[in-house]
Amino acid sequence: MPSALPEALAEAPAEAPAEAPDRAAMLLIRHFETALLDLFARGELSGTTHTCLGQEYVPVAVSGLLGPDDHVLSNHRGHGHYLARFDDPEGLLAEIMGRAGAVCHGVGGSQHIHRRGYLSTGVQGESLPVAAGLALHLRRHRPGALACAYIGDGTWGEGAVYEALNIAALWRLPLLVVVEHNGIAQSTPTGHAMAGTVAGRAAAFGLAHTLVTATDPARIRAELAPFVAGVRDGAPLVVEFRAPRLGPHSKGDDTRPADQVAALADWYPAVAAAAPDLDRAQRDRVARVVAEVSARPPAEWAVS
């Protein structure tokens with residue numbers, strides 16, 4: 001499938017999620033990411049950013065399965081992971097803009113965020129070996145807790161991924177690997193760079209794998225709950241989502257034809273139509289956050 005869309009990415013969107021908190025979280029992430037692209041377009045942000053437009057429902061669904069003792073390892077496309085975990089658009093935007101109140105005093109930016117139980121990195125594949133180490137610690141000191149690592153399909157080209165999976169399988173670590181398979185790695189279609197399948201690579205280590213094509217977080221959680229319970233008991237799991245990337249790799253570098261992007265399924269129209277007041281409220285919330293954070297003084301970081 002080098003030039004074609006992965007089948008699941010071109011299907012019609014699933015039904016709108018029924019749970020209001022899920023809708024609110026998904027809409028918050030959508031409008032936050034859209035606002036970031038707008039800020040960059042206006043020249044009010046420097047550097048780069050990688051949005052999760054189209055994939056917002058994944059962390060919303062997964063976060064509902066995680067507890068306070070669980071750890072989340074995110075990646076370069078991690079704003080949704082953070083917002084689904086903490087509902088803190090103010091702190092995240094302040095971090096990205098280098099303003100007071102930033103999660104990491106403005107030194108982490110868009111990709112490198114640390115907060116209790118949460119760590120993101122812009123280095124491909126780095127999160128999995130760290131997650132394996134955390135999972136080992138949790139198995140020994142916090143039985144029942146797990147480490148959840150988000151990776152994309154492009155990360156399966158990194159050797160550290162396989163070293164971590166090998167250790168997880170051998171040591172029966174409480175490791176949940178969430179694969180956001182969007183069919184493209186930066187600008188390279190997955191079929192040009194990855195032989196075989198995610199399921200086949202998990203099977204090579206004797207790891208359980210499950211494929212999720214739904215977009216309703218409540219439905220996804222009901223489907224995954226028994227598997228996640230197994231992870232907590234030492235049965236590592238690879239969960240593969242077929243989640244389209246509607247935006248560019250970074251802020252403005254999409255090389256795909258417009259008609260190909262337009263053919264991708266998007267959960268947003270159905271949710272916005274089903275909950276217009278909530279959609280408006282989250283759009284307004286993000287606008288207020290942007291205005292308030294933009295007016296803050298620069299973040300300060302002092303070495304103690």
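When reading the values below, keep in mind they use all heavy atoms of this one structure, side chains included, and skip hydrogens, waters and symmetry mates.
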Please evaluate residues Ser74 and Ile113 with respect to the criterion side-chain contact (heavy atoms from CB on, under 4.5 Å), reporting the C-alpha separation (whole Å), side-chain torsions for both, the decisive distance (0.1 Å), and the verdict.
CA-CA 9 Å; Ser74 181; Ile113 306 291; over 6 Å; no
What pair of heavy atoms forms the shortest contact from [X] to [Y], and how long is it?
X	Y	value
Arg85	Pro68	NH2-O, 4.1 Å
Arg23	Ala275	NH1-CB, 3.4 Å
Ala149	Leu128	CB-CD2, 3.9 Å
Arg232	Leu66	NH2-CA, 3.9 Å
Cys104	His114	SG-N, 3.2 Å
Asp69	Ala145	O-CB, 3.7 Å

Apart from Leu119 itself, what residues make up its hydrophobic cluster, given side-chain heavy atom links below 4.5 Å?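 Hydrophobic cluster check, Leu119: joined to Leu73, Val130, Leu134.
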* Got a sec, which hydrophobics cluster with Leu138, joining ILVMFWY side chains under 4.5 Å apart, including via others? ->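 Taking Ile, Leu, Val, Met, Phe, Trp and Tyr as members, Leu138 stands alone, with no cluster partners.
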Check your understanding: Do His181 and Glu240 have a side chain donor and acceptor closer than 3.5 Å?
Key ->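 A donor-acceptor contact under 3.5 Å links the two side chains.
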Nearest 0.5 Å, what's the [atom1]-[atom2] distance between [X] and [Y]?
X	Y	atom1	atom2	value
Thr49	Arg77	OG1	CZ	9.0 Å
Glu95	Glu90	CD	CD	14.0 Å
Tyr118	Asp70	OH	CG	14.5 Å
Leu175	His71	CG	NE2	13.0 Å
Leu170	Leu165	CG	CG	11.0 Å

Check: Between Tyr150 and His81, what is the ring plane arrangement, given parallel below 30°, perpendicular above 60°, and tilted in between?
Finding: parallel
Hey, what's the ring geometry for Tyr162 with Phe205, parallel, tilted or perpendicular (30° and 60° as the breaks)?
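Answer is parallel, since the angle falls under 30°.
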Yes or no on side-chain contact (heavy atoms from CB on, under 4.5 Å) for Glu33 and Leu37, after CA distance, side-chain angles and deciding distance? CA-CA 7 Å; Glu33 298 287 61; Leu37 292 180; over 6 Å; no
Dump the intermediate steps for side-chain contact (heavy atoms from CB on, under 4.5 Å) on Ile151 and Ser127, then the final yes or no.
CA-CA 8 Å; Ile151 64 173; Ser127 59; 3.9 Å; yes
Would you say [X] and [Y] make side-chain contact, with heavy atoms under 4.5 Å?
X	Y	answer
Arg221	Asp22	yes
Val58	Ile220	no
Glu180	Cys52	no
Thr121	His112	yes

Is the shortest side-chain N to carboxylate O distance from [X] to [Y] below 4.0 Å?
X	Y	answer
Arg285	Asp87	yes
Glu292	Arg296	yes
Asp279	Arg30	no

Cluster check [X], [Y]: I/L/V/M/F/W/Y, side chain < 4.5 angstrom:
X	Y	value
Leu278	Phe32	yes
Val60	Phe227	yes
Leu211	Met194	no

| query | Is a side-chain donor or acceptor of His79 paired with a backbone partner of Thr51 at a separation under 3.5 angstrom? | reply |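 No, His79 side chain to Thr51 backbone: no donor-acceptor pair under 3.5 Å.
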Q. Just by modelled atom types, is the Gln124 backbone N or O under 3.5 Å from a matching donor or acceptor in the Thr155 side chain?
A. no
Heavy atoms of other groups near Arg140 CZ, more than 12 under 6.0 Å:
no
- Query: Stepwise, does the side-chain contact (heavy atoms from CB on, under 4.5 Å) test hold for Arg115 with Asp88?
  - Reply: CA-CA 11 Å; Arg115 184 167 172 174; Asp88 177 31; 3.2 Å; yes
